[in-house]
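Small disclaimer: the values here were computed from a predicted structure and weren't measured. Order of listing sets the numbers, starting from 1, for every ligand and every atom in it.
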Amino acid sequence: MIVTIDGVAASGKSSVASGVARRLNIPYVSSGLLYRAATLLALEAGTDLGDAPALIALLSGSPLRLEPLPEGNRIFLTPVGEQETGAERDLTADAHTSAVDAGVSALAQLPELREWVNAQLRALTPPFVAEGRDMGTAVFPQAQAKFFLTASPRVRALRRVKERLEDVAEVEAALVARDAKDKAQSAPAADAQLIDTSTLDLSGVIAAVLRGLHQPASSDLS
Ligand SMILES: Nc1ncnc2c1ncn2[C@@H]1O[C@H](COP(=O)(O)OP(=O)(O)OP(=O)(O)O)[C@@H](O)[C@H]1O
Ligand SMILES: Nc1ccn([C@@H]2O[C@H](COP(=O)(O)O)[C@@H](O)[C@H]2O)c(=O)n1
């Protein structure tokens with residue numbers, strides 16, 4: 001079984017995917033973490049986020065390992081020269097900074113980079129919950145159940161500043177800007193169930209998704 005949870009930035013995709021995955025006792029897969037890790041490595045290497053050949057060359061020499069656990073995804077890099085020792089660097093926290101947020105959409109619009117991510121996702125063995133922007137459309141159109149999360153920009157910004165001590169208005173503006181840059185790959189699947197989470201708490205959204213696993217497609221659960 002594959003369940004897809006797509007949605008706009010900070011709509012709760014990873015928190016909801018984790019909650020649903022734990023209830024179903026299966027992993028969840030964060031596609032955004034692969035885009036984020038690639039962006040982090042490019043920023044650290046000084047590679048242009050629009051230069052697809054240079055980015056693919058960088059990533060080919062930087063083996064990444066996604067750990068898709070139900071309680072949270074982590075991503076690890078085997079640094080150059082550490083292949084023998086097996087020592088890994090955990091990139092997860094560094095991949096969730098405002099600098100990565102600001103750069104990731106440029107890299108994610110490159111077809112070569114999308115194919116690099118999608119190949120890794122399609123190599124995974126079901127069952128899992130996959131979350132991102134195009135899980136139910138481009139990557140796993142065959143998924144058994146598809147959801148698309150939204151929430152107002154202000155609600156999303158208020159939730160995010162509880163994680164990071166930043167200005168609400170600036171966070172809101174950055175989320176709206178990221179949604180605009182990600183628009184091309186962020187259309188809901190025609191058979192996705194839409195959930196507006198603005199007035200729901202996390203457990204309410206998870207419950208709506210679990211109920212939706214048994215609903216016909218294309219219903220509005222908000
Ligand atoms: N329904 C909800 N009610 C209250 N808080 C929520 C809800 N959903 C998510 N949150 C909180 O909002 C924040 C953003 O959620 P999360 O990181 O899961 O979103 P995301 O869509 O995966 O974000 P991003 O697109 O940036 O990766 C987290 O602090 C999370 O705990
Ligand atoms: N399926 C996806 C997932 C992510 N992206 C890009 O990565 C960025 C970070 O994703 P989060 O889910 O962690 O917010 C996102 O802003 C997109 O640029 C994507 O294109 N497709």
Atom indices of ligand 2 within 4.0 angstrom of [X] heavy atoms, with elements:
X      : answer
Val104 : 7 (O), 8 (C), 16 (O)
Met135 : 1 (N)
Gly132 : 1 (N), 3 (C)
Gln185 : 19 (C), 20 (O)
Asp182 : 15 (C), 16 (O), 17 (C), 18 (O)
Ala108 : 6 (C), 18 (O), 20 (O)

Applying the 4.5 Å side-chain criterion to the ILVMFWY set and letting contacts propagate, would Met1 and Phe140 be lumped into a single cluster? no
Same cluster or not: are Leu33 and Met135 linked, directly or through other Ile, Leu, Val, Met, Phe, Trp or Tyr residues, by side-chain heavy atoms under 4.5 angstrom apart? yes
I'd like to check whether [X] has a polar contact with ligand 1, where a contact means an N/O of the residue lying under 3.5 Å from an N/O of the ligand.
X     : value
Val16 : no
Ser15 : yes
Ala9  : no
Ser11 : yes

Short N/O distance, under 3.5 Å, between Arg178 and ligand 2? yes
Would you check whether Tyr35 has a nitrogen or oxygen atom less than 3.5 angstrom from a nitrogen or oxygen atom of ligand 2? no
Protein contact of [atom] - nearest heavy atom, named by residue and atom, plus distance:
atom                    : result
atom 13 (O) of ligand 2 : Arg36 NE, 2.7 Å
atom 10 (O) of ligand 2 : Gly32 CA, 3.5 Å
atom 3 (C) of ligand 2  : Ser31 OG, 3.4 Å
atom 12 (O) of ligand 2 : Arg133 NH1, 2.9 Å

Can you tell which part of Lys13 has a heavy atom less than 4.0 Å from ligand 2: side chain, backbone, both or neither? side chain
Check each heavy atom of Asp134 against ligand 2 and say whether those closer than 4.0 Å belong to the side chain, the backbone, both or neither. both
Indicate, as side chain, backbone, both or neither, the part of [X] found under 4.0 angstrom from ligand 1 when only non-hydrogen atoms are considered.
X      : answer
Leu200 : backbone
His96  : neither
Lys162 : neither
Leu202 : both
Glu163 : side chain

Sub-4.0 Å heavy-atom approach of Ala9 to ligand 2: no
Does some non-hydrogen atom of Arg114 fall short of 4.0 Å from ligand 2? yes
Ser18 and Glu71: side chain donor to acceptor below 3.5 Å: no
Test item: Arg36 side-chain N/O and Ala95 main-chain N/O as donor-acceptor pair under 3.5 Å: yes
Would you call Arg156 a ligand 1 contact, heavy-atom distance under 4.0 Å? no
Would you check whether Gly7 reaches within less than 4.0 Å of ligand 1, judged by its heavy atoms? no
